[in-house]
Amino acid sequence: MGAPHTETNFRTDQETWRVRLRTADPRGQVLGAGVLLGDGLVLTCAHVIRIAGTDDHQPAVTVEFPGSGSADSCALRATVVPKHWVPRADDHTGDLALLQLDGPPPVASHATLHRLPTIWNRRVHFAGYPSRITGGKWAEALIKGPGGPGDEWVQIDPVTEADTLMRRFSGAGVVDNRTGRVIGIVVSKLDSEREGAHYRHGYMIPTGTIVKHLDLVRERFVSGRPPVPATLTTGHDEPDPGPASAGRPASPRPAPDRGFARWLTRWLAAEDDLADVEITFVRDEDQDAALALRSTLTLADRERSPRTSVAASAPDRSGTSPRAGSLDLALDVGGKTPAQIAEEIAEGMALDGPGLLPLPARIAAEALPLTTVARGVDEALQPLETVELLHTLVRRGGRLLLVFRQLDSPALHRTYELLLDPATRPQHWLERIGRRVAALARTEELARELRRRAATCVSPLPSVPRYAPDLELKAARLEADPQQGTTGFLVKLSYVERTVETALLEAETAHRTLTGQLARHQDLRGLLDGHQARLAAHGITEAAASLHQEAQRLLTGGPCELSVAEAAVERFVTEARRALETGQR
């Protein structure tokens with residue numbers, strides 16, 4: 001079915017910023033599409049202008065302007081802007097390029113990229129330039145979820161069979177039908193078979209990813225509110241410990257509260273045991289928790305998260321790094337009026353265009369179901385009204401985390417009454433803590449068993465914590481706490497849960513380390529035995545006998561340092577390979 005007429009308020013003949021790219025040679029082969037930005041810059045995908053079979057780009061390409069009415073006569077030459085060629089990495093991240101035209105473009109309009117959250121089933125349109133379709137081909141698609149490499153892309157599914165993406169759509173500007181704003185570029189198409197049916201979908205590189213990779217675009221050609229404000233990002237307002245003075249050591253820098261970071265990551269991932277609406281506490285003096293909050297929100301913002309092609313070599317196994325793009329909107333509401341907060345919400349949801357309703361009413365009627373974090377509700381200029389405003393986001397299907405900076409406030413009481421259901425939330429929270437304590441007890445016991453096994457062959461070994469009994473006791477005391485039914489009880493639940501998460505992280509780290517040590521010891525045994533068997537098969541076991549005996553003694557004679565055993569096995573393997581090569585001549 002087609003989109004309702006009211007959803008489409010654009011005219012494609014006004015999108016004269018769309019360009020077609022060709023090779024600069026006499027053949028003029030179509031390469032793909034692009035977006036004309038200001039100052040004669042053109043945005044496209046790196047693979048569009050890559051020289052086949054190399055990691056380099058075309059020295060120059062021809063840029064045409066189909067919307068000018070005279071594309072052939074208005075073609076311009078373009079070259080890559082220095083430091084703005086981001087070829088597709090091995091993990092397929094990047095794939096962006098910025099070109100500079102060699103003359104003024106023949107069209108008056110240029111595009112600005114707009115930040116827009118990933119909204120399920122939001123309708124978009126774009127145009128590509130398949131072979132033999134001189135005027136290009138229009139298509140519509142529905143936005144799905146984050147996808148592609150490192151969550152840098154967003155999946156877009158064709159609305160109809162006629163909208164199927166084809167070759168040479170890459171680089172095409174993707175326009176949000178409702179607002180008419182450019183929100184990314186097409187990057188890839190995919191055909192797949194599932195249960196006998198043929199499915200076709202594609203991917204776009206959203207604005208957040210583009211500005212992460214291309215500095216000029218971020219500085220000059222982006223509109224819309226960043227998902228995370230500067231006050232909630234890493235590096236903002238972090239205390240300077242200052243130099244040490246006589247008799248006084250320098251103050252230690254805060255370290256992120258890893259248990260809190262993991263809890264935040266689990267909430268952002270919408271794990272089943274966490275509610276859509278949660279509260280937590282980060283007091284001003286709790287610098288470790290404040291840093292964990294900023295670090296986690298920074299990682300969850302696709303625009304600010306590290307480039308995955310660099311970070312992929314060291315994947316996070318602790319569960320403290322959220323998916324890039326898992327956060328739609330972060331608000332720092334302390335010291336602000338409801339009107340100011342409403343403006344930020346509206347801009348973050350692209351509801352800030354012309355409208356008849358006041359912003360609060362418009363948000364109540366049209367708010368998008370986003371994942372939102374709001375810090376400092378208890379320090380807003382009108383805290384009760386602010387809670388009411390944020391409640392509208394929940395009523396519209398959004399997920400909401402409220403971060404309080406005080407342990408008691410009118411805003412906390414109102415949140416408890418309005419958003420947390422006092423009749424059921426405390427009990428559900430207690431049950432959730434109980435499940436995490438049980439997981440902690442199991443993990444600690446498994447780690448202790450691994451340590452007993454590893455103690456016979458590996459040294460040194462990590463210590464295995466034993467926090468579960470104490471936390472089981474704390475959970476039991478919460479069951480009988482006289483403060484149940486009060487906001488003070490919620491504070492206790494929040495802090496105990498974070499303590500459990502920290503303990504579970506430590507137990508999991510010990511378990512993971514011990515598992516790796518045992519596996520590495522087994523690998524070394526296999527490497528040693530395998531090469532010794534090859535020597536025996538060739539009748540040359542004496543060639544590296546002393547080296548074999550030394551490595552075997554280390555691996556079988558009791559606990560050994562893995563680094564020492566690895567060096568001994570490597571010496572034997574090197575000599576064994578040399579002997580095999582010599583013996584085979």
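Starting from 1, each residue takes its place in the sequence as its number.
- Although no hydrogens or angles enter the test, the distance criterion places no donor-acceptor pair under 3.5 Å between the side chain of Thr296 and the main chain of Leu293.
- Across every non-hydrogen atom of Leu101 and Ala78, the tightest pair is CD2-CB, 4.0 Å.
- In this structure, His57 and Trp85 have perpendicular ring planes: the angle between them is above 60°, well past the 30° mark.
- Pro369 approaches Gly397 most closely through the heavy-atom pair CB-O, 3.6 Å.
- The pair Lys336-Glu344 counts as a salt bridge, with a side-chain nitrogen and a carboxylate oxygen less than 4.0 angstrom apart.
- With a 6.0 Å cutoff to the six-membered ring centre and a 45° limit on the axis angle, Arg168 does not count as a cation-pi contact of Tyr129.
- In this structure, Ala324 and Ser305 approach most closely via the heavy-atom pair CB-OG, 3.5 Å.
- Salt bridge absent: Arg181 and Asp176 never bring a charged side-chain N and a carboxylate O closer than 4.0 Å.
- Relative orientation of the Trp153 and Tyr203 rings is tilted, given thresholds of 30° and 60° on the angle between their planes.
- Ion pairing between Glu347 and Arg225 fails under the 4.0 Å rule for side-chain N and carboxylate O.
- Note: Leu36 CG to Phe65 CZ = 5.5 Å, rounded to the nearest 0.5 Å.
- Distance check: Arg399 CZ to Leu268 CG gives 7.0 Å after rounding to the nearest 0.5 Å.
- Of the charged side-chain nitrogens involved, at least one lies within less than 4.0 Å of a carboxylate oxygen, so that Arg266 and Glu501 count as a salt-bridged pair.
- Checking Thr54 against Asp56 by side-chain atom types alone, no donor-acceptor pair falls below 3.5 Å.
- There is a side-chain donor-acceptor pair under 3.5 Å between Ser109 and Thr16.
- Here the CD-CG distance, from Gln340 to Leu331, works out to 12.5 Å after rounding to the nearest 0.5 Å.
- Formation of a donor-acceptor pair under 3.5 Å by the Arg405 side chain with backbone atoms of Arg283 is not found in this model.
- Side-chain atoms of Arg362 come within 3.5 Å of backbone atoms of Leu351 as a donor-acceptor pair (strictly under, hydrogens ignored).
- Ionic pairing of Arg294 and Asp332 is not present here: no N-O contact between side-chain nitrogen and carboxylate oxygen is shorter than 4.0 angstrom.
- Counting all heavy atoms, side chain and backbone alike, Gly259 lies closest to Leu505 at N-CD1, 3.8 Å.
- The minimum heavy-atom distance between Leu329 and Ile345, with the atom names listed, is CD2-CA, 4.3 Å.
- Across all their heavy atoms, Phe169 and Ala139 have their closest contact at CE2-CB, 4.2 Å.
- In this structure, Arg262 is not positioned above the aromatic face of Trp267 in the sense of NZ or CZ being under 6.0 Å from the six-membered ring centre and within 45° of the axis.
- The pair Asp39-Arg220 meets the salt-bridge criterion, with a side-chain N (NZ, NE, NH1 or NH2) lying under 4.0 Å from an Asp/Glu carboxylate O.
- A side-chain donor-acceptor contact under 3.5 Å links Gln155 and Asp157.
- The main-chain N or O of Ala261 is found under 3.5 Å from a side-chain atom of Thr265 such that the two form a donor-acceptor pair.
- With 3.5 Å as the limit, one finds a donor-acceptor pair spanning the side chains of His47 and Ser170.
- Under a 3.5 Å cut-off, the side chain of Thr79 and the backbone N or O of Ala60 do not form any donor-acceptor pair.
- Not one N or O on the side chain of Glu303 forms a donor-acceptor pair closer than 3.5 Å with the backbone of Val211.
- Ile183 pairs with exactly one of Ile143, Ile210, Val175, Thr118 by the side-chain contact (heavy atoms from CB on, under 4.5 Å) rule, that one being Ile143.
- Between Arg498 and Thr280, the side chains place a donor N or O and an acceptor N or O closer than 3.5 Å (distance only, hydrogens not considered).
- Within the 3.5 Å criterion, the main-chain N or O of Asp328 finds no donor-acceptor partner in the side chain of Thr371.
- Thr93 places no side-chain N or O within 3.5 Å of a backbone atom of Ala89 that could act as its donor or acceptor partner.
- Taking CG of Leu113 as the start and CD1 of Ile205 as the end, the distance is 11.0 Å to the nearest 0.5 Å.
- Put simply, the side chain of His114 does not reach to within 4.5 Å of the side chain of Thr179, judged on heavy atoms.
- Side-chain contact check for Thr234 and Thr298: at least one donor-acceptor pair (N or O, by modelled atom type) lies under 3.5 Å.
- No salt bridge links Arg302 with Glu152; every basic N to acidic carboxylate O contact stays at or beyond 4.0 Å.
- A salt bridge does not link Glu366 with Arg396: every distance from a Lys NZ or Arg NE/NH1/NH2 to an Asp or Glu carboxylate oxygen is 4.0 Å or more.
- No more than 12 heavy atoms of other residues, nucleotides or ligands shown are found within 6.0 angstrom of CZ on Arg27.
- For the atom pair Leu327 CG and Thr372 OG1, the distance stands at 7.5 Å (nearest 0.5 Å).
- Residue Val48 forms a side-chain contact (heavy atoms from CB on, under 4.5 Å) with just one option from Val61, Ile185, Leu31, and that option is Leu31.
- Sparse packing is recorded around CG of Asp55, with 12 or fewer heavy atoms of other residues, nucleotides or ligands lying under 6.0 Å away.
- Here Asp257 contributes atom CG and Asp288 contributes atom CG; the two are 6.5 Å apart, rounded to the nearest 0.5 Å.
- No donor-acceptor pair under 3.5 Å is formed between the side chain of His84 and the backbone N or O of Leu99.
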